[in-house]
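Structure record follows, encoded as structure tokens.
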Amino acid sequence: MTLTGKLLIGQQSISGHRDAIRAINPATNAPLEPAYAGGDEQHVEQACALAWAAFDAYRETPLADRATLLETIATHIEALGDELVERACAETGLPRARIEGERGRTCGQLRAFARTVRLGEWLDVRVDTAQPQRLPLPRADLRQRHIALGPVAVFGASNFPLAFSVAGGDTASALAAGCPVIVKAHNAHPGTSELVGRAIARAVKHCGLPEGVFSLLYGAGNEVGIALVSDPRIKAVGFTGSRSGGIALCQAAQARPEPIPVYAEMSSINPVYLFPAALETRCEALAEGFVASLTQGAGQFCTNPGLVIALQGAALDHFIQSASERLSRCPSQTMLTPGIFSAYETGVKALAQHANIAAKGMPATGPNLGQAHLFVTQAEAFLNNEQLQAEVFGAASLVVACRDVEHMRQVSEHLEGQLTATLQMDDSDLPQARALLPVLERKAGRLLVNGWPTGVEVCDAMVHGGPFPATSDARSTSVGTAAILRFLRPVCYQDFPDALLPAALQHDNPLRLRRLLDGQREA
Ligand code: NAP
């Protein structure tokens with residue numbers, strides 16, 4: 001397919017008028033064709049008008065039809081074949097195997113949401129039948145289901161050009177909930193975004209759905225993004241990116257006459273706890289696993305292990321030495337964009353002012369190559385310097401040496417909200433792990449034992465969320481099928497005649513949903 005460099009508003013390709021965005025191959029710094037002229041407020045207006053016009057029809061599509069749309073999108077993305085893989089590699093510097101894996105994850109995610117839609121559990125149907133004879137007052141017939149919030153604005157992420165961009169988790173979960181989606185493409189990968197966006201538009205057409213179900217906009221300099229979040233027809237926002245970007249979108253959403261929820265996934269340093277027995281008995285294996293997790297994908301994962309917490313002593317010294325040796329053999333890796341590379345360099349310099357450098361990876365030999373770094377500090381210093389817990393996006397991590405278990409607890413209490421917290425522990429570490437657990441439950445969305453935080457499974461039980469600044473709303477997840485809940489709200493129908501009720505709530509339960517009926521869960 002020839003890339004057009006145009007916005008996609010419903011089924012129409014439209015040229016932008018604003019400053020052009022051009023992808024840059026971060027491995028060479030070479031610009032890639034074509035240029036994508038940015039959209040303006042008029043384009044946002046058009047996309048929102050179409051999305052609003054589509055909303056009432058789309059949110060009431062039969063569950064099977066909506067599931068078919070998600071599956072058709074996956075099929076159309078797969079049909080893009082090598083062109084998609086090659087363009088995504090060129091725009092991100094990510095290796096082919098990673099992009100192919102991410103494509104599989106993206107399509108698997110769409111199909112997982114299709115299964116979720118068909119099951120209908122998310123409708124959360126509750127029925128309290130009328131009790132006309134109840135004393136002292138009769139009870140009305142009350143029926144609740146969940147409906148879609150409205151059109152959703154999705155901001156593509158730089159670090160997941162497929163799985164968290166145009167057809168990624170935010171889009172899949174919003175479409176599954178019955179919400180039309182308008183994506184603001186990430187400027188780092190406009191060609192990948194166009195290919196995927198056109199695959200979605202083809203799927204919408206193929207399924208005979210209103211064109212406003214999906215639009216794709218481009219724009220630099222925040223204009224399009226802020227106009228989108230401010231439009232009264234947008235009812236929720238999904239975002240993955242920087243803390244400052246996420247906060248700006250939350251503020252714009254709150255400043256509207258009608259504030260709306262923003263589900264922003266922002267920054268997390270993902271503490272890893274090395275408990276004494278584990279550190280004593282498998283120090284080398286821990287160092288190996290840690291360095292592999294830290295350097296995977298040039299460290300550009302939101303779940304990257306940016307903090308290691310352990311008791312000071314010979315075992316920790318051994319771990320630092322072993323991890324340092326391994327890290328020093330790691331080649332530097334191309335980062336996603338010149339901007340992200342430069343932010344990494346700045347972050348590493350800032351850390352170096354406040355902590356000791358234990359090791360560096362192999363030096364860079366070309367443009368935008370991130371060199372891995374391992375830092376060490378004492379718990380006192382960590383507790384007294386907020387800069388030491390700022391996310392450095394890339395393969396940099398800080399080891400915090402604690403005097404005793406109480407010190408470890410103080411460091412944990414001091415942490416900001418996190419996506420994950422990892423416990424490396426053996427059986428004899430159980431009492432210490434148990435004592436720390438209540439703190440970690442308050443701090444993080446996902447707690448792991450004897451694994452590494454990178455690699456987030458897309459499944460029903462996953463939580464990829466956590467208290468601020470990991471996300472702007474700790475009550476939700478952006479990965480896994482529970483992400484659909486972000487884009488729903490409950491509606492109660494009182495004393496409705498059966499003919500006026502939505503099918504999900506009708507007396508004879510035509511959708512065969514597992515309802516909560518008069519306090520009992522149906523089989
Ligand atoms: P970003 O700068 O936050 O941008 C992400 C998206 O949000 C872009 O489309 C951007 O559009 C938009 N945006 C940002 N600020 C905005 C604002 N004030 N108003 C309206 N729209 C706004 O993130 P990035 O480009 O992916 O990477 C920058 C840094 O974010 C990285 O160096 C890293 O520190 C962090 N990051 C963290 C994660 C994570 O998962 N923890 C993931 C990715 C990035 P414009 O380009 O038009 O501004």
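Counting convention: from 1, in listed order, for ligands and their atoms alike. Values below: all heavy atoms of this structure, side chains included; hydrogens, waters and symmetry mates excluded.
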- Ionic contact status for Glu416 with Arg243, cut-off 4.0 Å: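 Yes, Arg243 and Glu416 are salt-bridged.
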
For ligand 1, which atoms sit closer than 4.0 Å to a heavy atom of [X]?
X: Ile340; value: 27 (O), 31 (C), 32 (O)
X: Ala220; value: 47 (O)
X: Ile226; value: 19 (N), 20 (C)
X: Gly219; value: 47 (O)
X: Ala343; value: 32 (O)

[X] side chain to [Y] side chain, donor-acceptor N/O pair below 3.5 angstrom:
X: Ser193; Y: Tyr218; result: no
X: Arg256; Y: Ser230; result: no
X: Thr454; Y: Ser293; result: yes
X: Ser268; Y: Asn270; result: yes
X: Thr92; Y: Arg98; result: no
X: Arg446; Y: Thr303; result: no

Got the closest protein heavy atom to [atom], with its distance?
atom: atom 40 (O) of ligand 1; result: Cys302 CB, 2.9 Å
atom: atom 16 (C) of ligand 1; result: Asn222 OD1, 3.4 Å
atom: atom 43 (C) of ligand 1; result: Ser158 OG, 3.6 Å
atom: atom 9 (O) of ligand 1; result: Lys184 NZ, 2.9 Å
atom: atom 34 (O) of ligand 1; result: Phe393 CB, 3.3 Å
atom: atom 37 (C) of ligand 1; result: Gly241 O, 3.4 Å
atom: atom 14 (C) of ligand 1; result: Gly245 CA, 3.8 Å
atom: atom 3 (O) of ligand 1; result: Ser242 OG, 2.5 Å

- Going from NE2 on His464 to OG1 on Thr420, what distance comes out if it is rounded to the nearest 0.5 angstrom?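 That separation rounds to 9.0 Å.
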
- Rounded distance [0.5 Å steps], NZ in Lys360 versus CG in Leu374: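 Atom-to-atom, Lys360:NZ and Leu374:CG are 12.5 Å apart.
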
Is [X] in contact with ligand 1, taking contact as a heavy-atom separation below 4.0 Å?
X: Phe239; result: yes
X: Gly221; result: yes
X: Glu391; result: yes

- Which part of Leu249 is near ligand 1, with near meaning a heavy atom under 4.0 Å away: side chain, backbone, both or neither?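 Side chain only.
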
- Message: Working note: Lys6 + Glu194, criterion salt bridge (Lys or Arg N to Asp or Glu O under 4.0 Å); need CA distance, chi angles, decisive distance, verdict.
- Response: CA-CA 8 Å; Lys6 292 185 178 170; Glu194 183 180 350; over 6 Å; no

- Any side-chain heavy-atom pair from Val308 and Ile320 closer than 4.5 angstrom?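 Not in contact.
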
- Side chain to side chain, Tyr273 and Met408, heavy atoms closer than 4.5 Å: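 Yes; the side chains approach each other to less than 4.5 Å.
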
- Task: For atom 4 (O) of ligand 1, state which one of Met266, Arg243, His186 supplies the nearest heavy atom.
- Result: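 Comparing heavy atoms across Met266, Arg243, His186, the nearest one to atom 4 (O) of ligand 1 lies in His186.
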
- Task: Can you figure out which of Ser165, Gly156, Ala248 has its heavy atom closest to atom 18 (N) of ligand 1?
- Result: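 Ranked by closest heavy atom to atom 18 (N) of ligand 1, first place is Ala248.
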
- Could an N or O of ligand 1 be found under 3.5 Å from any N or O of Asn187, whether backbone or side chain?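 Checking ligand 1 against Asn187, an N or O pair does fall under 3.5 Å apart.
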
